[in-house]
Amino acid sequence: MDIPYINLVKTLAERFEGVEVDRTQDLKFGDYYTNLAFKMAKDYKKPPKVIAEEIVESVNVEGVYTEVAGGYINFQLNDSTLLRFINRMAKGIDLSKNVNTSILVEFISANPTGPLNVANARAGAIGEAIVRVLRFLGYKVHSEYYVNDAGTQILKLALSVLHHIDKNKYEFPEGGYKGEYIKTLAKLFKDKYHSDTEAFGREISHKILESQKDTLRRFGIEFDNFVFESEIRGSEYPDMVIDALRDRNLIYYQDKEGNTLGVGEKRLKDIVERCRSGYALMFKSSDFGDDKDRVLIRSNGEPTYFFCDSAYHLHKLFRNYDILIDIWGPDHYGYVQRMKAMVEALSEYYKLKSQFVVIIHGQVNLYEDGKMIRMSKREGKIYTLDELLDDVGKDAIRFFMLLRSPSSELNFDISLARKFEKDNPVYYTQYAHARISSLLEYARENGIKPSRIKDFSNDDERLLARILQFFPYYILKVLPPTLRNSYIFDHHYEISADFSPNLLVDYLIELSHAYHKFYQNNRIVGSGRDGERLTLSLAVMNVIREGLNLIGVSAPERMVKV
RNA sequence: GCGUCCGUAGCUCAGCAGGAUAGAGCGUCGGCCUCCGGAGCCGAAGGUCGCGGGUUCAAGUCCCGCCGGACGCGCCA
């Protein structure tokens, strides 16, 4: 598909490397602008205005009106360019190209010890939006969910359930799990206990995972792949982590007094034995910029979460994706450096080349009637995603979770969301879609069909079309700048974690507003411009439907009053 | 103490690999339905972009230092 914005950027980039083209802050300046002349002014020792004029004379962007204003160079699509694009958009929007980049996105990965919560909902909304946008552009993307179905928390889960099965026989474990769901599980697993507590815990956790999947289905998310910690533990990857780190001299033993010892043992089994004698196995993550070295195996012989996660990431690396994206909650801030250190160490050793980025999303604060709801996982006082789905529904949650930039905190007022029949940007946007849908039906009943737009009959039409054509620009804005450039120019860049799905959401609101305004002031059926305006409306509808779909929100044909 | 994120209109927040008079929604006030869905539209009021320095032709955006808030800093996950 021929995208005016991309054509513009490419034409300029042929002559001026690193040129940036952005949307103007006011449409009176045109559609796009570049500050290239300001940037060049210093090197060429000429006023920006003069340079701008020289640039404009030396490049000719087809189909675009170019103007120098001060040092700015403003671009406005000609009517013919704009019209061609709008007519095309009315038929459907396809931005996909054969991008030669594969990406794995891992997100949510909640412990299978309880129901999903609102923080998981945010991770899910962000992760799924990123996956869908990348796919829309043609990237080969897989989504993945890592299941921590092994280790101490699974043992605690088993014991928590056992306690409810037989209070006399089993003590409630320290830091065990509380909540109604534990009692439900106790009933379910009452007769299924066998002597292997760990396996019992794993079975319970898989049951919990099934209900998490049910929740995710309600939330509109289906993962491509699930990876189980229990399988990673039994695989060759833990050994391979050790092999790499030992060969690179990046591990050592340390006892609780701080005495250190080199690692002579070859096999993981023997290392674990050594650890049982009072030594922890340490990883020299400080060599890679971490604050301090990290424990891989505790002095009781138990591997840490970090060690298993390292093995899991080695597994990811071996699958040879170009890019690995992890989306973590704010409680994992302190974890980023050590994981990056580990991935770097392992990548070097095994000569694996995936780029690794971690997106940390901000926390979610729940409010009810203006007051913050304090949650405590330990006490089993959590507001679950299921409850939130019952309360406000999938669409509102998805939309609201993406309204803020991923890194910032998010205040979610349930009581506000609940009474959101009006004043809600979700409904506002959906309504624009439903309105057009209903308009098209009305037109159909009256035997009127969309027809090719050949010109604009007034500024309202032109203005709406200009906002409409920004869609690809905002899709690309969701990506970090470097990845965006790699899409446009087919170059390879190092990516960063700055994804901004919130910009797409804002755009959908803006476009909806533009359409409501257009609709308010312009009769469509019976205007004498029936077919043309239907086409314009159709293009808007396609964009809104596509945009909502990318953020996992439904685009209804009609709004149903609650 | 160290690290990360945040401090922008009464409220919730956009904008930040520097660029044109700082934007939106909600709330407040005032208007608009003979007509394709008023779940809509129009207008008004409202800001020394936490404070102080610095870099720059240009700083809400970058750098440094404060102040305030959240989170992280475990042989937990």
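Every chain is numbered from 1 and lettered A, B, ... according to where its sequence line falls, protein lines coming before strand lines. Just so it is clear, the values below take in all heavy atoms, side chains as well, and ignore hydrogens, waters and symmetry mates. Quick caveat: nothing in here was measured; it's all calculated off a predicted structure.
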Roughly how many Å is it from CG in Leu402(A) to P in rA24(B), rounded to a whole number? 22 Å
Would you mind telling me which residue lines up with the more 5' stretch of RNA chain B, Pro330(A) or Lys28(A), judged by nearest nucleotide? Lys28(A)
Spacing of Asp506(A) atom CG relative to rC26(B) atom C1', expressed in whole Å: 15 Å
Hydrogens and angles aside, do Asp293(A) and Tyr252(A) bring a side-chain donor and acceptor to less than 3.5 Å of each other? yes
Quick one: which of rC57(B), rA77(B), rC13(B) gets closest to the side chain of Phe38(A)? rC57(B)
Find the distance between CG (Asp460(A)) and CZ (Phe518(A)) and round it off to the nearest 0.5 Å. 7.0 Å
Will you find, in the side chains of Tyr305(A) and Gln153(A), an N or O donor that is under 3.5 Å from an N or O acceptor? no
Considering every strand and a 4.0 Å limit on heavy-atom distances, what is the contact class for Lys256(A): base, sugar-phosphate, or nothing? base
Considering just the side-chain nitrogens and oxygens of Lys517(A), establish if one lies under 4.0 Å of OP1 or OP2 belonging to rC42(B). yes
Just checking, is any N or O donor in the side chain of Asn446(A) or Asp530(A) under 3.5 Å from an acceptor N or O on the other one? no
Asn485(A) near the nucleic acid: base, sugar-phosphate alone, or nothing, with a heavy-atom cut-off under 4.0 Å? base
Quick one: label Ser438(A) by what it contacts on the DNA or RNA (base, sugar-phosphate, nothing), any heavy atom closer than 4.0 Å. base
Between Glu409(A) and Asn365(A), does any side-chain donor sit less than 3.5 Å from a side-chain acceptor? yes
Shortest side-chain distance from Val525(A), nucleotide among rU12(B), rC36(B), rC32(B): rC36(B)
For a quick check of understanding: with a heavy-atom distance under 4.0 Å over all strands, which category does Asn74(A) fall into, base, sugar-phosphate or nothing? base
Salt-bridge contact Asp149(A)-Arg233(A) (side-chain N to carboxylate O under 4.0 Å): no
Could you tell me how far apart Asp331(A) (CG) and rG74(B) (P) are, to the nearest whole angstrom? 14 Å
Do the side-chain N or O atoms of His433(A) get closer than 4.0 angstrom to the phosphate oxygens (OP1, OP2) of rA39(B)? no
Please work out if Leu503(A) contacts a base, only the sugar-phosphate, or nothing of the nucleic acid, heavy-atom cut-off 4.0 Å. sugar-phosphate
Considering every strand and a 4.0 Å limit on heavy-atom distances, what is the contact class for Gln254(A): base, sugar-phosphate, or nothing? base
Please give the nucleotide sitting opposite rG1(B) as a Watson-Crick or G-U wobble pair, both distances under 3.5 Å, or none. rC73(B)
Determine the Euclidean distance between corresponding P atoms of rG69(B) and rC64(B); express it in Å to zero decimal places. 22 Å
Mind checking if Asp530(A) touches a base, just sugar-phosphate, or nothing, with heavy atoms under 4.0 Å? nothing
Using atom P in both nucleotides, what's the gap between rA70(B) and rA59(B) to the nearest angstrom? 33 Å
Measuring from the side chain of Lys477(A) (C-beta onward, heavy atoms only), which nucleotide among rG40(B), rC16(B), rC5(B) has the closest atom? rC16(B)
Nearest 0.5 Å please: distance from the CZ atom of Phe283(A) over to the CG atom of Leu250(A). 6.0 Å
Partner of rG7(B) under the Watson-Crick or G-U wobble criteria, both distances under 3.5 Å, comes out as rC67(B)
Taking the same atom, C1', in rA24(B) and in rU8(B), what whole-Å distance lies between them? 13 Å
If you measure from the P atom in rA39(B) to the same atom in rG46(B), how many Å do you get, rounded? 31 Å
Whole angstrom value for the distance that separates P of rC41(B) from CG of Leu464(A): 13 Å
Just to be sure I understand the rule, does Thr152(A) reach a base, reach only the sugar-phosphate, or reach nothing, if contact means heavy atoms closer than 4.0 Å? sugar-phosphate
Return the nucleotide paired to rC41(B): Watson-Crick means purine N1 to pyrimidine N3 with N6-O4 or O6-N4, wobble means G-U with N1-O2 and O6-N3, both under 3.5 Å. rG31(B)
Please tell me which of the listed nucleotides, rA20(B), rC13(B), rC36(B), lies nearest to the side chain of Leu439(A)? rC36(B)
Spacing between Leu403(A) atom CG and rU12(B) atom C1', to the nearest angstrom: 9 Å
Do any side-chain nitrogens or oxygens of Arg298(A) fall under 4.0 Å of OP1 or OP2 in rC76(B)? yes
Paired with rG23(B): which nucleotide, if any, by Watson-Crick or G-U wobble criteria at under 3.5 Å for both distances? rC13(B)
Please round to the nearest 0.5 Å and tell me the distance separating atom CD1 of Ile251(A) and atom CD1 of Ile271(A). 5.0 Å
Integer-rounded Å distance: rU4(B) C1' and Trp328(A) CH2: 14 Å
Just checking Ser405(A): base, sugar-phosphate only, or nothing, at a heavy-atom cut-off of under 4.0 Å? sugar-phosphate
First locate atom CG of Asp309(A), then atom NE2 of His313(A), and finally report the distance between them rounded to the nearest 0.5 Å. 5.5 Å
Value rounded to 0.5 Å, distance of OH in Tyr431(A) from OG in Ser437(A): 12.0 Å
Return the nearest nucleotide to the side chain of Asn521(A); candidates are rC41(B), rA70(B), rA17(B). rC41(B)
Using atom P of each nucleotide, how far apart are rC51(B) and rU61(B) to the nearest Å? 11 Å
Which whole number of Å gives the distance between the C1' atom of rU55(B) and that of rC63(B)? 7 Å
Base rA58(B) paired with Asn35(A) side chain (donor-acceptor, <3.5 Å): no
Just to be sure I understand the rule, does Lys45(A) reach a base, reach only the sugar-phosphate, or reach nothing, if contact means heavy atoms closer than 4.0 Å? nothing
Listed nucleotide nearest any side-chain atom of Tyr431(A), set rC36(B), rA39(B), rA77(B): rA39(B)
Atom CG of Leu410(A) to atom P of rG7(B): distance rounded to whole Å? 14 Å
Which nucleotide sits closest to the side chain of Lys292(A): rC73(B), rC36(B), rC13(B)? rC73(B)
Take atom P in rG74(B) and the same atom in rC16(B), then report the distance between them in whole Å. 35 Å
Residue mapping more 5' on RNA chain B - nearest nucleotide basis, Ile73(A) or Asp293(A): Ile73(A)
Can you identify which nucleotide, out of rC71(B), rA20(B), rC36(B), has its nearest atom closest to the Thr24(A) side chain? rA20(B)
Give none if rU61(B) has no partner; otherwise give the nucleotide forming a Watson-Crick or G-U wobble pair with it, both distances under 3.5 Å. none
Round to a whole Å and report the spacing from OH of Tyr428(A) to P of rU12(B). 23 Å
Check whether the aromatic ring of His332(A) stacks on the base of rA77(B), taking stacking as ring centres less than 5.5 Å apart and planes within 30° of each other. yes
Work out how far the C1' atom of rU12(B) is from that of rC66(B), and round it to whole angstrom. 28 Å
Give one of base, sugar-phosphate or nothing for Asp309(A), where a contact means two heavy atoms less than 4.0 Å apart. nothing
Go ahead and name the base partner of rG47(B); Watson-Crick or wobble counts if both distances stay under 3.5 Å, otherwise write none. none
Kindly label the base of rC33(B) as syn or anti, based on whether its glycosidic torsion lies within 90° of 0. syn
Quick one: label Ser299(A) by what it contacts on the DNA or RNA (base, sugar-phosphate, nothing), any heavy atom closer than 4.0 Å. base
